[in-house]
Protein chains: 2
Amino acid sequence: MRVPQHLVDRRRERLRSLIRHDGFLPVAEICRRLGVSEATVRRDLAAVEANGDITRTYGGALADYNSSFASHDERSGRARPAKARIAELAVARMPRAGTVFLDAGTTLQAIARVLAGRRDLTRLVVATNSLAAASVLGGAAGVELHVVGGMFLNRQAALMGGRAIRALEDWSFDAAFLGGEGLSAAGVSNSHESVAAFQQAVLARAARSYFCLDASKLGRSTPHPVAGWDGISGLITDATARQLAAQGIVLPAGQLLRA
Amino acid sequence: MRVPQHLVDRRRERLRSLIRHDGFLPVAEICRRLGVSEATVRRDLAAVEANGDITRTYGGALADYNSSFASHDERSGRARPAKARIAELAVARMPRAGTVFLDAGTTLQAIARVLAGRRDLTRLVVATNSLAAASVLGGAAGVELHVVGGMFLNRQAALMGGRAIRALEDWSFDAAFLGGEGLSAAGVSNSHESVAAFQQAVLARAARSYFCLDASKLGRSTPHPVAGWDGISGLITDATARQLAAQGIVLPAGQLLRA
DNA sequence: GCCTATATGATTGAGGTCAATCATATAAAT
DNA sequence: ATTTATATGATTGACCTCAATCATATAGGC
């Protein structure tokens with residue numbers, strides 16, 4: 001009945017990605033897809049949930065980016081997940097009135113959620129190419145929300161491509177908040193060229209720019225560079241200066257904003 | 001025990017935004033926040049879910065924007081509502097390859113859902129200003145999805161305004177499928193000027209154009225006219241020719257497509 | 001003002017979900 | 001090779017969720 005550890009790990013990784021892909025899955029459906037019993041699914045869910053990427057609900061589990069319900073463990077004093085702390089730091093850097101850009105990605109979604117909860121905004125214009133961020137911010141108090149049009153990329157659930165870049169010509173931002181997939185000595189990089197090109201177009205139109213990446217991106221180098229460290233205003237991350245230095249990333253004080 | 005209709009509507013609107021904000025909420029939590037019984041919450045959930053913005057799960061409800069889980073209610077073999085029949089008629093009018101535009105609104109959302117289920121599309125380019133339609137169509141087979149950027153209007157969950165109209169200059173459509181709020185002898189009308197202006201811009205760039213409205217819009221005349229009957233290719237509706245004639249709407253055969 | 005339609009909360013029975021416990025098979029440890 | 005640790009599935013009982021039904025109060029139409 002016992003199964004090798006590496007198969008267990010693989011199954012749990014698969015579970016994690018299934019949930020993140022679908023947003024929500026009921027336990028019965030997970031059983032069917034994974035071909036294991038409910039008991040095992042529940043145990044797996046407990047294990048993956050402890051890693052902080054998903055949240056269990058009665059009857060299933062959902063990806064964390066879908067829910068600020070994760071906030072219930074914020075109250076219960078435990079260490080809040082890295083993304084939430086990054087999000088608060090990013091929102092603190094936003095003006096109460098002005099124009100900002102929000103990129104796509106789970107970290108940016110966390111930022112959108114925190115931003116939607118702010119009650120002191122007066123006239124903040126937010127532009128985004130992320131449908132998820134738009135959903136969260138739609139109707140938020142004090143926010144005028146714009147979506148930058150473009151071609152829908154399924155993987156990122158975001159709008160990209162030539163039309164998106166052209167749409168940016170309409171804009172200039174007081175501050176841009178961007179995500180990324182790789183974080184190395186050379187700077188921030190992404191795995192898709194169209195994403196990198198779009199982000200560069202955003203950078204060109206932003207007075208200030210912040211990259212928001214959690215520590216899991218550290219050391220990963222993806223093929224399409226976006227920007228070097230001298231081109232950006234700040235890196236918002238939960239990684240320590242020591243961890244960053246180990247990867248050859250040394251930033252002047254003020255440019256590194258630790259969550 | 002009975003409560004005024006506008007309060008019910010407001011509570012349901014609040015429910016919708018609560019769920020969209022938090023991504024997921026358990027029923028018990030909704031009860032607490034709305035201060036009503038579980039029975040009422042379940043009824044509200046059923047009502048809001050029918051509008052297509054959220055998905056119920058066992059024990060709660062989650063925002064639709066990420067879940068491909070919304071299709072379960074199509075399976076249930078009940079008599080399909082008028083919108084679904086309108087949707088199938090509209091989708092039948094779409095080319096398998098080409099460029100089409102989808103407007104915002106619940107009827108168009110139904111169309112998007114049917115379109116996403118089609119498996120015979122080869123290279124259909126779909127442009128929309130509706131975030132809901134985009135969510136549904138994201139990743140659909142054979143569809144290249146584009147979102148027309150613009151300012152987000154909370155009421156319609158769609159993108160409008162000058163930027164949206166300017167973004168249309170990039171496009172020309174083989175066919176456009178549009179919604180509307182009023183249906184009278186004069187033609188189709190809407191309650192918001194920016195919506196009407198945007199739709200007119202779409203019409204100007206579409207070789208063919210179809211308005212898709214269910215019978216509930218019959219006789220309602222809203223202040224901002226969009227188009228007269230001579231300017232459009234067809235009206236797709238579940239209303240009978242007799243019902244239409246009673247409102248002074250007489251269309252030549254071929255222009256009236258009855259669902 | 002009267003009547004009807006309906007929004008609500010309570011109740012109930014059916015069915016779903018969960019954590020705990022246990023037996024078992026087998027991967028790791030020695 | 002033997003022993004130990006653990007991953008699994010089945011079972012059980014407690015708890016939860018849900019839809020249906022009903023009584024009731026009141027909004028909305030006449």
Side-chain angles (χ1 to χ4, degrees), chain A residues 1-16 18-19 22-51 54-63 66-67 69-70 72-73 76, chain B residues 1-16 18-19 22-51 54-63 67 69-79 81 216 218-220:
Chain A
M1 291 286 201
R2 191 179 176 188
V3 123
Q5 192 63 45
H6 66 94
L7 288 183
V8 175
D9 291 340
R10 224 158 67 189
R11 186 188 61 219
R12 291 185 176 166
E13 189 50 43
R14 189 158 156 242
L15 167 64
R16 182 175 109 53
L18 278 178
I19 293 172
D22 276 19
F24 172 89
L25 280 176
V27 172
E29 175 72 10
I30 299 173
C31 291
R32 208 181 56 71
R33 296 207 199 173
L34 259 41
V36 291
S37 74
E38 288 196 7
T40 300
V41 167
R42 289 186 218 288
R43 277 186 278 250
D44 283 0
L45 283 174
V48 176
E49 185 187 32
N51 276 7
I54 65 163
T55 307
R56 295 181 69 185
T57 75
Y58 205 94
L62 65 140
N66 222 335
S67 162
F69 203 60
H72 73 84
D73 61 355
S76 71
Chain B
M1 289 285 200
R2 193 179 176 189
V3 121
Q5 190 64 45
H6 66 96
L7 289 183
V8 174
D9 292 340
R10 224 159 68 187
R11 186 188 60 219
R12 291 186 176 164
E13 189 51 44
R14 185 153 161 247
L15 167 63
R16 176 182 165 286
L18 277 178
I19 292 172
D22 276 19
F24 173 88
L25 280 176
V27 173
E29 175 71 10
I30 300 173
C31 291
R32 206 182 56 73
R33 296 208 199 174
L34 259 44
V36 292
S37 72
E38 287 197 6
T40 300
V41 167
R42 289 186 218 288
R43 278 186 278 249
D44 283 359
L45 283 174
V48 176
E49 185 187 32
N51 275 7
I54 64 165
T55 307
R56 296 181 67 184
T57 75
Y58 206 94
L62 68 144
S67 166
F69 218 68
S71 50
H72 72 89
D73 60 344
E74 295 170 24
R75 277 183 255 136
S76 75
R78 269 186 285 168
S216 73
L218 241 184
R220 287 174 60 179

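Proteins come first, then strands; the chains are lettered A, B, ... in the order of their sequence lines, and each starts at number 1.
Atoms CZ (R56(A)) and P (dC16(D)) sit 15 Å apart, rounded to a whole Å. For the pair R11(A) CZ and dA27(C) C1', the computed distance is 14 Å after rounding to whole Å. One atom, CZ of R12(A), and another, P of dT6(D), lie 13 Å apart when rounded to the nearest Å. Following rounding to the nearest Å, L34(B) (CG) and dT8(C) (P) show an atom-to-atom distance of 10 Å. When rounded to the nearest whole Å, the span between CG of L7(B) and P of dT26(D) equals 14 Å. Remark: P of dG9(C) and CD1 of I30(B) are 14 Å apart, rounded to the nearest angstrom. In this entry the distance linking CG of L45(A) with C1' of dT17(C) reads 12 Å, nearest Å. In this structure, the CG atom of D9(A) is 13 Å from the C1' atom of dA27(C), given to the nearest Å.
Within the structure, a side-chain polar atom (N or O) of Q5(A) is placed less than 4.0 Å from OP1 or OP2 of dA7(D). In this structure, S37(A) does not reach the dT8(D) phosphate: none of its side-chain N or O atoms is under 4.0 Å from OP1 or OP2.
The residues R10(B) and E13(B) are annotated as not salt-bridged, no charged nitrogen and carboxylate oxygen being separated by less than 4.0 angstrom.
Considering only side-chain atoms of V8(B), the nucleotide from dA28(C), dT8(D), dT8(C) that sits closest is dT8(C).
Within 4.0 Å (heavy atoms only), E38(A) reaches no atom of the nucleic acid at all.
Contact of the T57(B) side chain with the F24(B) side chain is registered, since non-hydrogen atoms from C-beta on lie closer than 4.5 Å.
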Problem - Candidate pair L25(B) and L15(B), rule side chain to side chain contact (heavy atoms under 4.5 Å, CB included), full reasoning - result: CA-CA 10 Å; L25(B) 280 176; L15(B) 167 63; over 6 Å; no
Handout entry: side chain to side chain contact (heavy atoms under 4.5 Å, CB included) evaluation trace for I30(A) with R33(A)
Key = CA-CA 5 Å; I30(A) 299 173; R33(A) 296 207 199 173; 5.9 Å; no
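Residue whose closest nucleotide on DNA chain C sits further toward the 5' end, between R43(A) and Y58(A): Y58(A).
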